[in-house]
Every structure is written in C-alpha cells, then in structure tokens.
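Within every chain, numbering begins at 1; the chains are lettered A, B, ... in the order of the sequence lines, protein sequences first and strands thereafter.
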Number of protein chains: 2
Amino acid sequence: MMTETAELAPDPVSDRVLRSFAGYALKRASNAVQADLVRTLEPFGLRMITFTALLLIVENPDLSQTQLAGVLAVERSNLVTIVDELEQAGWIARGQSPRDRRSHALRATSAGERLCTAARRAVEAHEARLFSSIGADGKAMLVNALGLVENAGNKLPVGANSGAAR
Amino acid sequence: MMTETAELAPDPVSDRVLRSFAGYALKRASNAVQADLVRTLEPFGLRMITFTALLLIVENPDLSQTQLAGVLAVERSNLVTIVDELEQAGWIARGQSPRDRRSHALRATSAGERLCTAARRAVEAHEARLFSSIGADGKAMLVNALGLVENAGNKLPVGANSGAAR
DNA sequence: GATAATTGTTATATGCCATAACAATATCGC
DNA sequence: GCGATATTGTTATGGCATATAACAATTATC
C-alpha cells in the first residue's frame, strides 16, 4: 500500500512505519519494475500500454477495438489514441471487419511484428534481470502468492458490489 | 509489467500472453491491493496519499514539508494541496519552525491522531484480509522477494544514470 | 556584505482516466 | 418488415496526478 518514498533528501524522514505494510513493499516493487520496463521499451519507441496493445494484436489477429479495450482494461474512448499511435507508426492497420461494418479488424504489419518480437525479447531480458535475484523457484512462488493476494483483493466484503480493480 | 485486464467482455480476448510476465502479476496484485485500500480508507475521508502523509506526521512530529515530500516521493509544489487538505479537515496544523522561518513544523491534532489510529487499524485489517491467504510465512517470503526485485529494478545497467523509481 | 541555496507557494502544462454524446450499424422483439 | 434497443468507434470534455518554472522570504555560504 501507500505511496513510495524517494531515496535522498537532507534530514530524511524514515519510511520505517510504511515498511510494516506489505502493500507498501508491493507498490515499491511494482514501481521499480515498471520504471525499468519504461526504460526497456523507450528505445523501441513504445510505451507500456502500446507494447501491450501491439503484443495482443500480434497474438490475436483481427481482434476488435472493443475486445482490445477489454483485455487492456481501458475505456473504448481512450483506446482510440493508443491505436492511432500504433497505426501512425506503421506497426498495425485498422482493417474492415468482414461481419460488422462498425468494427475494425486490427492486424499487425510486418514491421509491427518484427518490432514486437524485438521488444518482447527485451522485456523478457528485463524480467530475467529483475527476477533472477530470487531464482526460478522464488519467482514461481512469488507469482503464485501474488495471484492469491490479487484474488483476495478482488473478493469484496459482504454487501459491497463487485467491480474491476484498477 | 503491463496494463491490467478487466474480467468481462463479449468475446473476450485472453490475456494468457501477458500472464507469462511476472511483472504483469505484480501489477495486477498491486492494483487489487490498492483498490481494496482505497475502499478501506474512503469511510475515513482519507485517500491513500493523505493517509500516508498523516501517518508520517503522527510518527514524526514537527517534520517539514520538504521532509514529508521527500519520504512521500512527491514534488514540494504538489505537497501543498495534500497538506492543505489535512489542515482544512482539522487533522494537522502547520506550526512555525523554531529554527527556520521558511519552514513549517507539521503536527497532527488530537483529532488527527485519533483518525490516524482508527484508519491504521483498518489498513492493518485490510492487510490481514488480503495476505492471510498466503500465511505468515508466505507473507514474509513475499515481502523479502519483493525487496530483492525492487532492488534489482533500481540497479541500472552500466552507463545509466541513477534516478528514483516511481 | 554579496551571492547562492532553500522553503513553500502559485501558475501552468501534460498525460491519464472517466463520462457523455453522437452517427453508423447491428440485433431484437413484435 | 419495422420500430426500438444495443453496439462500435469517435469526439468532446472535465478532473486528477505529476512535472516544471518562477517567485518572495529566509537561511546558508563564501
């Protein structure tokens, strides 16, 4: 939980009280991993959201914008500029859906597929670099534990209406 | 890594390709924990950032805004409205620093200390609820592993200049 | 004493995210 | 078959978080 603290300041105040919360450790680790991921993707001209979108389009040719928005957990209106960015860079194309003239069929271009392959390798190297410190067994346990914690977080107390976490 | 996916859509596309990344699990768990924390703090009229600020002020009476901004990892300019919010609610007060007329000495009021105690208990219950699924040993291992991953994420490759993760 | 740095504040810009509204199109119910 | 309803993608807009710049008052340094 909580906001993350920086590392240096005159007369720094301890974040020891925050470190008693596992949620704080979770947030700090998540932020560090994301910051490293941002640095990893920057040379490819990709942001996290555009890399994820490209990867999903490569893996699911002809998916619609509504489907992509769903799996990315973003509003359809906010997906438009994400898809625009990938299209304008020449990495994907909006095709006509054969069954529904309202829909686009999103496909990666050859350039997009090549970029995706290269970026995915870089992301896998970023993951290997960050998670090698805890070993393969440690990583498997971490991912398993995170899944349990996520499920617990998404289970609401009695009386609360369910909603997607963000 | 990556953006999180929602749970329901017509013809949903699988996020299986994303689940191969541990960073994705990390982000999903972090988002679920944060969403639950937001729900936990809402009845107290606190946001995550204001709860953390209040907790730090309670634990460190007379700290300055610059110190608080440092430990919260926010810009001094953006701390102003956070402190305003706590002050206007009557939970903290900006006092004169005895040694430096530029500085404020931030202190919690009695009401602020009581609110902090109650909110902290609720946050501890939120943590217990979310992390009980992995047990005390599992939680300790998780926090340890997260620390290692965070450290690896903050270690930059040779040639990169160091910067605070966010 | 002059200069530089610090503290807190204000102003501003940008990006992200949410909501509303709409045209074109598809589906549903009668 | 037709009217009502829903869906898809887009545009517009507002709020929030975050970053940067500039400034006055004050402190620290040389």
Side-chain angles (χ1 to χ4, degrees), chain A residues 2-6 8-13 27 31 34-35 38 42 47-50 52-53 57 62-88 92-106 163-166, chain B residues 2-6 8-13 27 31 34-35 38 42 47-50 52-53 57 62-88 92-106 163-166:
Chain A
M2 280 118 177
T3 49
E4 181 189 12
T5 63
L8 35 79
D11 295 330
V13 159
K27 187 166 172 70
N31 285 350
Q34 282 190 79
V38 164
E42 194 272 330
R47 302 182 286 126
M48 199 178 320
I49 188 70
T50 48
T52 311
I57 293 168
D62 293 327
L63 87 172
S64 70
Q65 287 186 199
T66 292
Q67 287 176 305
L68 182 56
V71 74
L72 287 174
V74 302
E75 299 287 342
R76 297 190 324 270
S77 54
N78 296 326
L79 185 75
V80 175
T81 53
I82 293 167
V83 172
D84 282 350
E85 188 175 327
L86 291 171
E87 188 183 44
Q88 277 149 18
I92 70 158
R94 282 175 164 105
Q96 183 97 39
S97 170
R99 292 188 306 281
D100 187 336
R101 283 191 291 206
R102 296 169 302 177
S103 280
H104 296 309
L106 303 173
R166 174 75 177 84
Chain B
M2 280 121 179
T3 50
E4 180 188 12
T5 64
L8 36 78
D11 295 327
V13 160
K27 186 166 172 68
N31 286 350
Q34 282 189 79
V38 164
E42 194 271 330
R47 302 182 286 125
M48 200 179 320
I49 188 70
T50 48
T52 311
I57 292 167
D62 294 325
L63 85 174
S64 71
Q65 287 186 199
T66 293
Q67 287 177 305
L68 183 57
V71 74
L72 287 173
V74 302
E75 298 287 341
R76 296 190 324 266
S77 53
N78 296 327
L79 185 76
V80 175
T81 55
I82 293 166
V83 173
D84 282 349
E85 189 174 326
L86 292 171
E87 187 181 45
Q88 276 148 20
I92 69 159
R94 282 173 163 107
Q96 183 97 39
S97 170
R99 289 188 309 279
D100 188 335
R101 282 189 293 205
R102 297 169 299 178
S103 281
H104 296 310
L106 302 173
R166 176 76 177 83

Interatomic distance, A/L79 CG vs D/dT10 P [rounded to whole Å]: 8 Å
Euclidean distance, A/L63 CG relative to A/S97 OG, rounded to 0.5 Å: 11.0 Å
Nearest-0.5 Å distance, CG of residue A/L86 to CD1 of residue A/I49: 9.5 Å
Once you round to the nearest 0.5 Å, how far does CD1 of A/I57 lie from CD of A/Q67? 11.0 Å
Atom-pair distance (CE on A/M48; P on C/dG15), nearest Å: 16 Å
Specify the separation, in whole Å, of atom CD of B/Q67 and atom C1' of C/dT7. 12 Å
So what is the end-to-end bend of the helix from C/dG1-D/dC30 to C/dC30-D/dG1, with 5 pairs used at each end and the value given to 10 degrees? 30°
Quick test: give all pairs of protein nitrogen or oxygen and nucleotides 13-16 of chain D nitrogen or oxygen below 3.5 Å, distance rounded to 0.1 Å.
none

Nearest 0.5 Å, what's the OG1-CG distance between A/T66 and A/D100? 9.5 Å
Can you check the A/I82 CD1 to C/dA18 P distance for me, whole Å? 11 Å
Listing request: all salt bridge (Lys or Arg N to Asp or Glu O under 4.0 Å) pairs with a residue in residues 65-75 of chain B, at least two apart in sequence or in separate chains. none
In whole Å, what is the span from the NZ atom of A/K27 to the P atom of D/dA17? 12 Å
Would you mind building the protein contact string for nucleotides 23-30 of chain D? One character per nucleotide, 5' to 3', B for base within reach (heavy atoms under 4.0 Å), S for sugar-phosphate only, - for untouched. --BBS---
Measuring from A/T50:OG1 to A/I82:CD1, what's the distance to the nearest 0.5 Å? 8.0 Å
Smallest heavy-atom separation, A/L79 atom then A/A69 atom, equals CD2-N, 3.9 Å
Of B/E75 and A/V80, the one whose nearest nucleotide on DNA chain D sits closer to the 5' end is A/V80
Gap between atoms CG and C1', on A/L63 and D/dT8 respectively (whole Å): 14 Å
Holding to side-chain hydrogen bond (donor to acceptor under 3.5 Å, both in side chains), I want the full list of residues that pass it with A/R94, two or more places apart in sequence or in another chain. A/Q65, A/D84, A/E87
Which part of the nucleic acid, if any, lies within reach of B/Q65 when heavy atoms closer than 4.0 Å are counted: base, sugar-phosphate only, or nothing? sugar-phosphate
Separation of B/D62 atom CG from C/dT7 atom P, in whole Å? 16 Å
Using only side-chain N and O atoms of A/T66, determine if any of them is under 4.0 Å from OP1 or OP2 of D/dG9. yes
In whole Å, what is the span from the CG atom of A/N31 to the P atom of D/dA17? 15 Å
Which residues share a salt bridge (charged side-chain N to carboxylate O under 4.0 Å, His left out) with B/R47, sequence neighbours left out: B/E85
Closest of C/dT7, D/dT10, D/dT20 to the A/R94 side chain is D/dT10
If you round to the nearest 0.5 Å, how far is CZ of A/R76 from CG of A/L68? 13.0 Å
Contact class for A/S77 vs. all strands (heavy atom < 4.0 Å): base, sugar-phosphate, or nothing? base
With a 4.0 Å cut-off on heavy atoms, is A/S97 in touch with a base, just the backbone sugar-phosphate, or nothing at all? nothing
